[in-house]
Colleague: 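Take this structure first; my questions come after.
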2 protein chains.
Amino acid sequence: MHKEHTLTKNQQIIFDLIDKSPEPMKAYSILFNVQKKGIKAPLQVYRALDKLVEIGKIHKIESRNAFIACHNSSCQVSKATAFSICEICEKVTEISSTGLSKYLANFKDKDGMKYSKYNLEFFGLCKKCR
Amino acid sequence: MHKEHTLTKNQQIIFDLIDKSPEPMKAYSILFNVQKKGIKAPLQVYRALDKLVEIGKIHKIESRNAFIACHNSSCQVSKATAFSICEICEKVTEISSTGLSKYLANFKDKDGMKYSKYNLEFFGLCKKCR
DNA sequence: TTTAGATTGTTATAATATAACACTATGTAA
DNA sequence: TTACATAGTGTTATATTATAACAATCTAAA
Ligand SMILES: [Zn+2]
Ligand SMILES: [Zn+2]
Ligand SMILES: [Zn+2]
Ligand SMILES: [Zn+2]
């Protein structure tokens, strides 16, 4: 269950924008889009993004330097995320597979170490682009 | 088996530097270190990095914008990589686990799609930092 | 109400990465 | 050999992504 964080004004503005975007948004594209709402500087955007990532409302797609809203109730706490990324149209989908997350959470490296935090990005072609 | 690519001068200089580094190197740190060898501009570094990544001699750690040499003979072709990253000392280790790579290569998303390319980054504390 | 912590607004700057263009080396094929 | 294609180089400039520093303001709890 998503714990309810009361978002501040900037956080809410930026979350709403990302949440209704059909594709991952980049920080400066976000900035451009919220300037009419009074958010004028990169730092205002990055601070909101940092917080939204921290509380799990959005995720950063590391290979793309872009952000998407989370629609998976389980990753908020764990910071254990998986995505598929289309190499043609750049569509990104968050993967929520119990099997996958269990496998990764139980994976032990050669020192026997387990990891509760991970980020997995799959690359391929989406349905439309195949 | 690593296919032998004959590296060009710049590629070799930069690969050697990364290969002997005990930790991932960032592009501008590489640039600083190779300036005495005649590589003076960021683009010369990025071009060599791009090629080295393409042929699998190095990998990019996406969450850190840094590069490490590959010591795993199987990931060159597949571009299927996994790493563990220490959140304190930033030590990065490439994971080569047959089980993990088989699991991920056979993972099907909810559309039944499989992915031969992926990048997985685990986060935790290394032996020394635990 | 006091106070600590989080958030904001702002300017400046750092760090990461690519565009564009002219030139050079290298391999392949007529 | 000569022509051609491909890859790599050197260079300048610029684009993109992200953080430092500091003062002001808001918010929630003691
Ligand atoms: Zn999520
Ligand atoms: Zn696509
Ligand atoms: Zn490797
Ligand atoms: Zn460590």
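Side chains are part of it too, since the values below use all heavy atoms of this structure and drop only hydrogens, waters and symmetry mates. Chain identifiers are assigned alphabetically (A, B, ...) following the order of the sequence lines, protein sequences preceding nucleic acid strands; residue numbering begins at 1 within each chain.
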Colleague: For B:A66 and B:K26, work out which heavy atoms get closest and say how close.
Modeller: CB-CG, 4.2 Å
Colleague: Just how far, in rounded Å, is C1' of D:dG8 from CD1 of B:I39?
Modeller: 12 Å
Colleague: Verify the ring-centre separation between A:F107 and B:F122: is it less than 6.0 angstrom?
Modeller: yes
Colleague: Just how far, in rounded Å, is C1' of C:dT7 from CD1 of A:I13?
Modeller: 13 Å
Colleague: Take the protein atom CD1 of A:I30 and the nucleotide atom C1' of D:dT16, then report the distance between them rounded to whole Å.
Modeller: 14 Å
Colleague: What are the two closest non-hydrogen atoms of A:I95 and A:N72, and how far apart are they?
Modeller: O-ND2, 4.1 Å
Colleague: Quick check on C:dT7: is either OP1 or OP2 less than 4.0 Å from any side-chain nitrogen or oxygen of A:Q11?
Modeller: yes
Colleague: Could you check how far NZ of B:K51 sits from P of D:dT9, rounded to whole Å?
Modeller: 10 Å
Colleague: Say you draw a straight line from NZ of A:K108 to CG of B:L100; how long is it, rounded to the nearest 0.5 Å?
Modeller: 14.5 Å
Colleague: Are OP1 or OP2 of C:dA6 and a side-chain N or O of A:T8 less than 4.0 angstrom apart?
Modeller: no
Colleague: With rounding to the nearest 0.5 Å, note down the distance linking OG in B:S63 to CD in B:E90.
Modeller: 7.5 Å
Colleague: Could you measure the distance from the OG1 atom of A:T8 to the CG atom of A:L52? Nearest 0.5 Å is fine.
Modeller: 8.0 Å
Colleague: Which pairs, protein N/O on one side and nucleotides 13-23 of chain C N/O on the other, fall under 3.5 Å?
Modeller:
unit_1 : atom_1 : unit_2 : atom_2 : d
C:dT16 : OP1    : B:K26  : NZ     : 2.4
C:dA17 : OP1    : B:K60  : NZ     : 2.7
C:dA17 : OP1    : B:N65  : OD1    : 3.4
C:dA17 : OP2    : B:Y46  : OH     : 3.1
C:dA17 : N7     : B:Y28  : OH     : 2.8
C:dA17 : N6     : B:Y28  : OH     : 3.2

Colleague: Restricting to non-hydrogen atoms, name the atom on B:Y115 and the atom on A:S84 that form the minimum distance, rounded to 0.1 Å.
Modeller: OH-CB, 3.2 Å
Colleague: Using rotation axes that map the C1' atoms of four end pairs onto the next four (five pairs an end), what angle separates the end axes of the helix from C:dT1-D:dA30 to C:dA30-D:dT1, to 10°?
Modeller: 40°
Colleague: Give the B/S/- string for nucleotides 25-30 of chain D, one per nucleotide from 5' to 3', where a protein heavy atom under 4.0 Å of the base yields B, of only the sugar-phosphate yields S, and otherwise -.
Modeller: ------
Colleague: In whole angstroms, how far is the P atom of C:dA6 from the CG atom of A:N10?
Modeller: 17 Å
Colleague: Are OP1 or OP2 of C:dT8 and a side-chain N or O of A:Q44 less than 4.0 angstrom apart?
Modeller: no
Colleague: Decide salt bridge (charged side-chain N to carboxylate O under 4.0 Å, His left out) for B:K117 and A:E87; before the verdict, give the C-alpha distance in whole Å, the side-chain angles of both, and the deciding distance to 0.1 Å.
Modeller: CA-CA 10 Å; B:K117 291 180 61 175; A:E87 292 184 292; 2.6 Å; yes
Colleague: Working to the nearest 0.5 angstrom, can you tell me the gap between B:E121 CD and A:L120 CG?
Modeller: 10.0 Å
Colleague: Please round to the nearest 0.5 Å and tell me the distance separating atom NZ of B:K37 and atom CG of B:L17.
Modeller: 8.0 Å
Colleague: Measure from CG on A:L49 to C1' on C:dT7 and round the result to the nearest Å.
Modeller: 15 Å
Colleague: Mind checking the OG1-CD1 spacing from A:T81 to A:I61? Nearest 0.5 Å is all I need.
Modeller: 7.5 Å
Colleague: To the nearest angstrom, how far is A:I55 atom CD1 from C:dA6 atom P?
Modeller: 14 Å
